Amino acid sequence: RALILLECLVILALAGLNAGGHSYAIDNEVQFQTTRSLVQLKPQLESLDTIWLESDVGPYREHPNGGYVGIVGIGHSIVAAPLYATSRLAAQLLPVDDRDNFIRTGTFFTNSVVLALIAVTIVLLGLELTSSFRAAYAISLAYTFGTYAFPHAKTFFTEPTSALVVTLGVLAAARWRRTQGPWLVILCGFLAGFGVMVRVSAAMFVPIFAVWLVVIGFRRGGLRAATRVLLLFTAGGLLPLIAFLLLNWWRFGSPVDLGYPSVPQSFPLLEGLLNQFFRPGKSLFLFAPIIVLGIAGMFAGIRRD
């Protein structure tokens, strides 16, 4: 526990020192404005760039009742809300002209905290999958400093929070496999649902969680156990699902409106895969070389068990 706490504090300190303290892109700015709107319970953005307002592809849209709302996941803003609220409270001690920068700096530490929590989560997950604390600790450090995770923590993008929520879901599922605690399945469902609130694309993990849990349940208790697990998982996902629909209604005027415009799906799939894995601009193997060892380890693990 002392080593895990030490790792958490060291990573938090390093990520905090590396944090930019400002928005790096229009997406970051809109996410910050969404956090501000959420804390103040006003579904409109402030200080918007008129160039983006006049664009058809801007990251926000007009609210049915006036103002503007960002077409970004609300989950990240929920996670960032405590830091925003704390920074806003402390900023009241400063001159008026300095308050906004202070609040921004405090809010943009969110991903520093998230990265430290991911590192702890990975250690705990590693301990569920192997009896070696040294291996679990090494995997956690490799993820933190050998992948996109550390650079992303510098920004206010939603990827770190999405990674944290999904990894916590995996941890809950893995622990359930060992302890059979039903509340862990409910927690897994909640985290899977909340992941969608962070990034809509996280919906791709929901069926993966569900299928894995059902398969394990079926192996242990047949169809009845599998059905019970599926119901528990669904029950856990109901709360974030309802919150997701209500927030969509509040922000966009309809529960089923996700905010995003229709995106053409005409880009060649093969070219996209080549870009993701082999092209120098965004190659997974260049920017996260530890993945190469991960692939080798996956095949070694299949052969071993």
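Model, not experiment: these values are computed from the prediction.
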- request: Check step by step if side chain to side chain contact (heavy atoms under 4.5 Å, CB included) holds for L14 and F145.
  value: CA-CA 11 Å; L14 292 176; F145 299 110; 4.0 Å; yes
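- Without hydrogens or angle criteria, T155 side chain to P151 main chain gives no donor-acceptor distance under 3.5 Å.
- Looking at Q31, its side chain does come within 3.5 Å of a backbone N or O of G73 through a donor-acceptor pair.
- The closest side-chain heavy-atom distance from F278 to L273 is not below 4.5 Å.
- Within 6.0 Å of CZ in F267 there are more than 12 heavy atoms belonging to other residues, nucleotides or ligands.
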Candidate pair T105 and F109, rule side chain to side chain contact (heavy atoms under 4.5 Å, CB included), full reasoning: CA-CA 7 Å; T105 301; F109 279 124; 4.0 Å; yes
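- For the side chain to side chain contact (heavy atoms under 4.5 Å, CB included) criterion with V185, the lone passing option out of L231, L213, L230 is L213.
- Atom CG of residue L94 and atom CD of residue Q92 lie 8.5 Å apart, to the nearest 0.5 angstrom.
- Under a cut-off of 6.0 angstrom, the local environment of CZ in F218 is sparse, with at most 12 non-hydrogen atoms contributed by other residues, nucleotides or ligands.
- Across every non-hydrogen atom of E29 and S23, the tightest pair is OE1-OG, 3.2 Å.
- Side-chain atoms of R251 come within 3.5 Å of backbone N or O of G70 as a donor-acceptor pair.
- The heavy-atom pair separating P182 from R228 by the smallest distance is CB-NH2, 4.0 Å.
- Within the 4.5 Å cutoff, the side chain of P160 has no heavy atoms near those of the L115 side chain.
- In this structure, CG on L171 lies 8.5 Å from CG on L184, to the nearest 0.5 angstrom.
- In this structure, CG in D27 is found 8.5 Å from CD1 in I71, a value given to the nearest 0.5 Å.
- Closest approach of G146 and P289 over heavy atoms only: O-CD, 3.8 Å.
- When atom types are taken as modelled, the side chain of E128 and the backbone of L124 share no donor-acceptor pair closer than 3.5 angstrom.
- A pairwise comparison of heavy atoms in S77 and T35 identifies OG-OG1, 3.0 Å as the closest pair.
- One hydrophobic cluster, built from ILVMFWY side chains closer than 4.5 Å, holds both L12 and F150.
- Between the side chain of S140 and the main chain of A119, a donor-acceptor pair closer than 3.5 Å is present.
- Criterion: ILVMFWY side-chain heavy atoms under 4.5 Å apart, direct or through other members. Under it, V165 and F233 are part of a common hydrophobic cluster.
- Relative ring orientation between F287 and Y148 is described as parallel, the plane-to-plane angle staying below 30° on a 0-90° scale split at 30° and 60°.
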- prompt: Going through the checks in order, is the side chain to side chain contact (heavy atoms under 4.5 Å, CB included) test met by L168 and F190?
  reply: CA-CA 10 Å; L168 282 170; F190 175 84; over 6 Å; no
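- Side-chain atoms of H76 and R199, non-hydrogen and from C-beta on, never get closer than 4.5 Å to each other.
- Taking a 6.0 Å sphere around CZ of R224, one finds it holds 12 or fewer heavy atoms contributed by other residues, nucleotides or ligands.
- Residues Y84 and V198 fall into different hydrophobic clusters, defined by Ile, Leu, Val, Met, Phe, Trp and Tyr side chains chained together at heavy-atom separations under 4.5 Å.
- With C188 as reference, F209 is the one residue of F209, W176, W212 to meet the side chain to side chain contact (heavy atoms under 4.5 Å, CB included) rule.
- Using a 4.5 Å heavy-atom cutoff, the side chains of V79 and T110 are in contact.
- T121 places a side-chain N or O within 3.5 Å of a backbone atom of L117 that can act as its donor or acceptor partner.
- One finds the OG1 atom of T161 at 12.5 Å from the CE atom of M197 (value rounded to the nearest 0.5 Å).
- The shortest distance between side-chain heavy atoms of L38 and W250 falls below 4.5 Å.
- With contacts defined as side-chain heavy-atom distances shorter than 4.5 Å, the pair R177/L129 qualifies.
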- request: Report the C-alpha separation of L141 and Y137 in whole Å, then their side-chain angles, then the decisive distance to 0.1 Å, and conclude whether the side chain to side chain contact (heavy atoms under 4.5 Å, CB included) test is met.
  value: CA-CA 6 Å; L141 293 175; Y137 210 75; 4.0 Å; yes
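- Neither L191 nor I242 shares a network with the other; the hydrophobic side chains, linked directly or stepwise wherever heavy atoms of I, L, V, M, F, W or Y lie under 4.5 Å apart, form separate groups for each.
- F277 is connected to L270 through a chain of hydrophobic side-chain contacts under 4.5 Å among Ile, Leu, Val, Met, Phe, Trp and Tyr, so both are in one cluster.
- Heavy-atom minimum distance, T107 versus A80: CG2-CB, 4.3 Å.
- Note that CG of L89 and CD1 of I103 are 10.0 Å apart. Values are rounded to the nearest 0.5 Å.
- Taking CZ of F285 as the start and CD1 of I291 as the end, the distance is 8.0 Å to the nearest 0.5 Å.
- Here the side chain of K154 pairs no donor or acceptor atom with the backbone of G20 at under 3.5 angstrom.
- Using a distance-only test at 3.5 Å, with no hydrogens or angles considered, a donor-acceptor pair links the side chain of N111 to the main chain of F157.
- Counting heavy atoms from C-beta outward, N28 and R104 have side chains that stay 4.5 Å or more apart.
- Between N248 and V256, every side-chain heavy-atom pair lies at or beyond the 4.5 Å cut-off.
- When each of D257, L247, L258 is tested with F252 by the rule side chain to side chain contact (heavy atoms under 4.5 Å, CB included), just one qualifies, namely D257.
- Between the side chain of S283 and the backbone N or O of P280 there is no donor-acceptor pair closer than 3.5 Å.
- Between T130 and A135, the shortest heavy-atom distance links the atoms CG2-CB, 4.4 Å.
- Relative orientation of the F108 and F156 rings is perpendicular, given thresholds of 30° and 60° on the angle between their planes.
- Between the S112 side chain and the A15 main chain, a donor and an acceptor come within less than 3.5 Å of each other.
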